[in-house]
Structure formats: C-alpha cells, structure tokens
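Structure first, commentary second.
Remember, it's 1-based here, ligands and their atoms both numbered in the order they're listed. One-based numbering along the sequence shown.
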Amino acid sequence: MTTSQPLIDPSAVTRIGIIGTGLIGAGWTALFLREGFTVTAWDPAPGFAAALLARLRQIFQRLDIPPAEQTRLLAALDCGGSAEAVANEVDFIQESGPEDVVTKRRIIALLDEFAAPGIVIASSSSGLPMSDLQAGCAGAHRLVVGHPFHPVYLLPLVEIVGGSATSPETVAWAETFYRGVGKSPVVCHSENIGFIGNRLQEAIFREALHMIDAGEATPEQIDAVITQGPGLRWSFMGPFLCYHLTGGETGIRGFFERFGASLTQPYSRLRAPELTEALLELVIGQTERAYGELSLEDLEGWRDERLLALLAVLRPRETTVTTKRHDFSGRADVR
Ligand SMILES: NC(=O)c1ccc[n+]([C@@H]2O[C@H](COP(=O)([O-])OP(=O)(O)OC[C@H]3O[C@@H](n4cnc5c(N)ncnc54)[C@H](O)[C@@H]3O)[C@@H](O)[C@H]2O)c1
C-alpha cells in the first residue's frame with residue numbers, strides 16, 4: 001500500500017472493527033453501537049464474546065438505555081473469529097489490545113496486512129509512540145494513535161498522535177471521524193511518551209504519593225481537595241484559564257507576578273517516590289478504608305451517574321472558551 005491511495009471518506013464508515021475487548025475495547029464498542037455503527041469485535045481470550053456482552057449490558061444499564069433499545073443496539077454487534085477476518089470486513093479499526101510494544105506491533109502489523117487500502121487503523125495506546133508501533137508496516141501512513149479516556153462511552157477526549165510515518169491526511173481523518181462520533185479530539189504534535197493527558201494526571205499522582213509518604217495527607221484528603229476545589233473548575237476550564245482568572249486585572253501576567261516565585265520554590269517533589277512495600281501498604285490500605293464499603297461495580301455506577309449529570313449540564317453550553325467563541329453563561333459558578 002502506498003501513501004497515494006486515498007483514505008475512505010470518514011462519513012462513509014458504517015462498519016467498525018474492535019480488536020481487544022477488555023475495559024477500553026468494550027467502552028469503544030458501547031460508544032460505536034450507540035452511534036449507530038455495526039461493530040465486529042475480536043479478542044483472543046476464550047469466551048470473550050460472553051464477557052463483552054455482559055460488560056455492554058452493564059454499561060447500557062448504567063446509561064439508562066431501555067431493554068428493547070439495548071437489544072436493538074446489540075443486534076448490530078458481531079463477534080469475529082479472528083483479527084484477520086475483522087480487518088477484512090470493516091471501514092475503520094480501533095485496536096485496544098494490551099499496552100505492550102511487542103504485542104501491539106504484532107497486532108497492528110497483522111491488521112495492516114489484512115485491512116483494505118484506504119482504511120484507517122487507530123490504536124488506543126496510552127503512551128506508546130506510534131513511530132515504534134508502525135515500524136516496518138507497509139501501510140504505516142494510515143496508522144495513528146487515538147487515545148481515549150475511561151469511561152470511553154462518556155468522556156469526550158481522544159488524543160490523536162501520528163507517528164513519523166503517519167500521513168497528515170490520516171491525522172486529519174481521525175480528527176474528523178472522532179468529532180463525528182461526538183468526541184472532542186486533541187491532535188498532539190509531539191510523540192512524547194504519555195502524550196498530554198497521562199503526563200498531567202500522573203504528575204498530580206506522583207505529588208500525591210509524596211504527600212502520603214511524608215505523612216502530609218491521606219488519599220481521602222487528596223481526593224476531597226481535588227473534587228471540592230480545582231476539580232470542579234477543571235471540568236470546564238484548564239489550568240491556564242484558571243490561572244488567567246486568578247491574576248487580577250492583568251490575568252495570567254498578574255498570576256506570574258503574584259505567584260511566579262512559588263513555582264521555583266520546592267513545593268513540588270515531582271520525582272516519583274520509591275514504591276516501597278510500606279508505602280504501597282499505606283496507600284492501598286488508606287484508599288480501601290476510604291472507599292472499600294462500596295464494590296468497584298457500585299463505584300463505577302456512581303461515577304457514570306455523576307458524569308452523565310455533569311455532561312447534561314455542560315453540553316448545551318460551550319465547554320471550551322476560545323478568543324473567537326465566548327460563552328460565559330456558567331460564570332456565576334466560578335469562584
Ligand atoms: N485502562 C484505561 O484506563 C485506558 C485508558 C485509555 C487507553 N488505554 C489503552 O487501551 C488498551 C487496552 O487497555 P485495557 O485497559 O482495555 O486493557 P484490558 O487488559 O482490559 O484489555 C486488553 C484486552 O486485550 C486482549 N488481548 C490480549 N492479547 C491480544 C492480542 N494479541 N490481540 C488483541 N487483543 C489482545 C486481552 O484478552 C484483553 O481483553 C491499552 O493500550 C491501554 O493502554 C487504557
């Protein structure tokens with residue numbers, strides 16, 4: 001396959017292939033079924049079809065989808081007999097196998113071999129550079145990372161990251177396609193490991209582990225500080241806009257004048273602490289004591305219920321403020 005072969009029109013996609021049906025593959029499947037696509041899924045785990053069906057029913061239940069509608073959506077799901085067979089019959093592939101470079105390279109090479117020319121293949125990888133995954137593939141130009149956030153069927157963000165051999169057309173295709181299925185894609189211009197989202201999440205998590213290690217805070221306190229404070233703002237304003245609104249009349253400039261010096265003081269201990277058995281026991285013990293009364297399934301239901309409520313409030317408004325499109329209708333909520 002050569003780069004001169006055009007990609008199919010994103011709006012012509014009707015059949016989607018899901019390779020790997022664990023947590024993330026199942027989330028993609030739920031999203032694509034709800035968006036009206038036919039989905040063919042495959043996973044090497046024995047009995048994957050039954051496990052996938054059970055997971056989808058659980059997701060649909062949480063999304064309050066009536067049983068008859070669930071049945072209708074599930075009728076558009078087919079469980080394939082092999083990765084090759086799936087690749088052969090679909091218009092787009094979302095790979096969600098294990099986060100291991102050797103395994104991913106093998107799966108992606110196989111999909112590239114069997115998918116028709118013009119079909120884009122996206123990997124859900126959380127941080128592996130596509131340049132490593134696509135090396136040696138004949139159709140390297142149509143391979144791209146489309147990194148979702150969990151739960152995939154609710155959180156809009158997808159980070160799109162091309163490798164050195166990915167064509168600009170493929171990146172643009174992925175952006176158009178994901179936007180068309182209700183996602184909020186962000187094209188990352190650098191292949192740094194961890195992209196953007198996981199680097200930020202993990203920076204906070206590393207700092208939190210240091211606080212626990214030093215006896216300065218518990219998981220319960222840290223979770224409360226985030227959810228009752230910055231986290232509420234972060235659901236609709238990023239850190240730059242937050243600080244722009246904390247600097248007085250001169251915005252972000254005023255922020256640096258007021259608080260810039262504190263950034264250079266040793267507030268942060270961002271190198272990860274050593275994960276000693278003692279630290280792990282402390283973190284795990286405290287976290288389980290804080291949340292252990294509820295099963296993980298109950299907590300997932302609670303999470304999805306709240307995300308649905310939050311999205312229902314935010315979606316009709318602008319969730320991104322740009323210099324071109326202002327909507328300050330939620331301003332009264334900002335403190
Ligand atoms: N868990 C998350 O929050 C999250 C978020 C975004 C992206 N991701 C990424 O999504 C991908 C899947 O993660 P997950 O959390 O769903 O893991 P998971 O362990 O739940 O699922 C992985 C699935 O891949 C299957 N598998 C094993 N070998 C395979 C092969 N050779 N070909 C195809 N499938 C194979 C397994 O049977 C399993 O069902 C990873 O690349 C991960 O980094 C995960």
Using 4.0 Å as the upper bound for N to carboxylate O, is an ion pair formed by [Y] and [X]?
| X | Y | result |
| --- | --- | --- |
| K104 | D132 | no |
| E89 | R15 | no |
| E175 | R179 | yes |

Just list the N/O pairs, ligand 1 to protein, that are under 3.5 Å apart, with the distance for each.
{"unit_1": "ligand 1", "atom_1": "8 (N)", "unit_2": "S126", "atom_2": "OG", "d": "3.1"}
{"unit_1": "ligand 1", "atom_1": "16 (O)", "unit_2": "L23", "atom_2": "N", "d": "3.2"}
{"unit_1": "ligand 1", "atom_1": "16 (O)", "unit_2": "I24", "atom_2": "N", "d": "2.8"}
{"unit_1": "ligand 1", "atom_1": "20 (O)", "unit_2": "L23", "atom_2": "N", "d": "3.0"}
{"unit_1": "ligand 1", "atom_1": "37 (O)", "unit_2": "D43", "atom_2": "OD1", "d": "2.6"}
{"unit_1": "ligand 1", "atom_1": "37 (O)", "unit_2": "D43", "atom_2": "OD2", "d": "3.4"}
{"unit_1": "ligand 1", "atom_1": "39 (O)", "unit_2": "G22", "atom_2": "N", "d": "3.4"}
{"unit_1": "ligand 1", "atom_1": "39 (O)", "unit_2": "D43", "atom_2": "OD2", "d": "2.6"}
{"unit_1": "ligand 1", "atom_1": "41 (O)", "unit_2": "G97", "atom_2": "O", "d": "3.3"}
{"unit_1": "ligand 1", "atom_1": "41 (O)", "unit_2": "E99", "atom_2": "OE1", "d": "2.6"}
{"unit_1": "ligand 1", "atom_1": "41 (O)", "unit_2": "K104", "atom_2": "NZ", "d": "2.8"}
{"unit_1": "ligand 1", "atom_1": "43 (O)", "unit_2": "E99", "atom_2": "OE1", "d": "2.8"}
{"unit_1": "ligand 1", "atom_1": "43 (O)", "unit_2": "S126", "atom_2": "N", "d": "3.4"}
{"unit_1": "ligand 1", "atom_1": "43 (O)", "unit_2": "S126", "atom_2": "OG", "d": "2.6"}

> Got a sec: does the CD of E99 have more than 12 other heavy atoms crowding it under 6.0 Å?
Replying inline: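 Check passes, neighbour count above 12.
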>> Could you work out, with side-chain contact (heavy atoms from CB on, under 4.5 Å) as the rule, every residue matching L200, not counting sequence neighbours?
In response: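 Only I196 meet the side-chain contact (heavy atoms from CB on, under 4.5 Å) criterion with L200.
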> Does the ring centre of F92 sit less than 6.0 Å away from the ring centre of W173?
Replying inline: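 Yes; F92 has its ring centre under 6.0 Å from that of W173.
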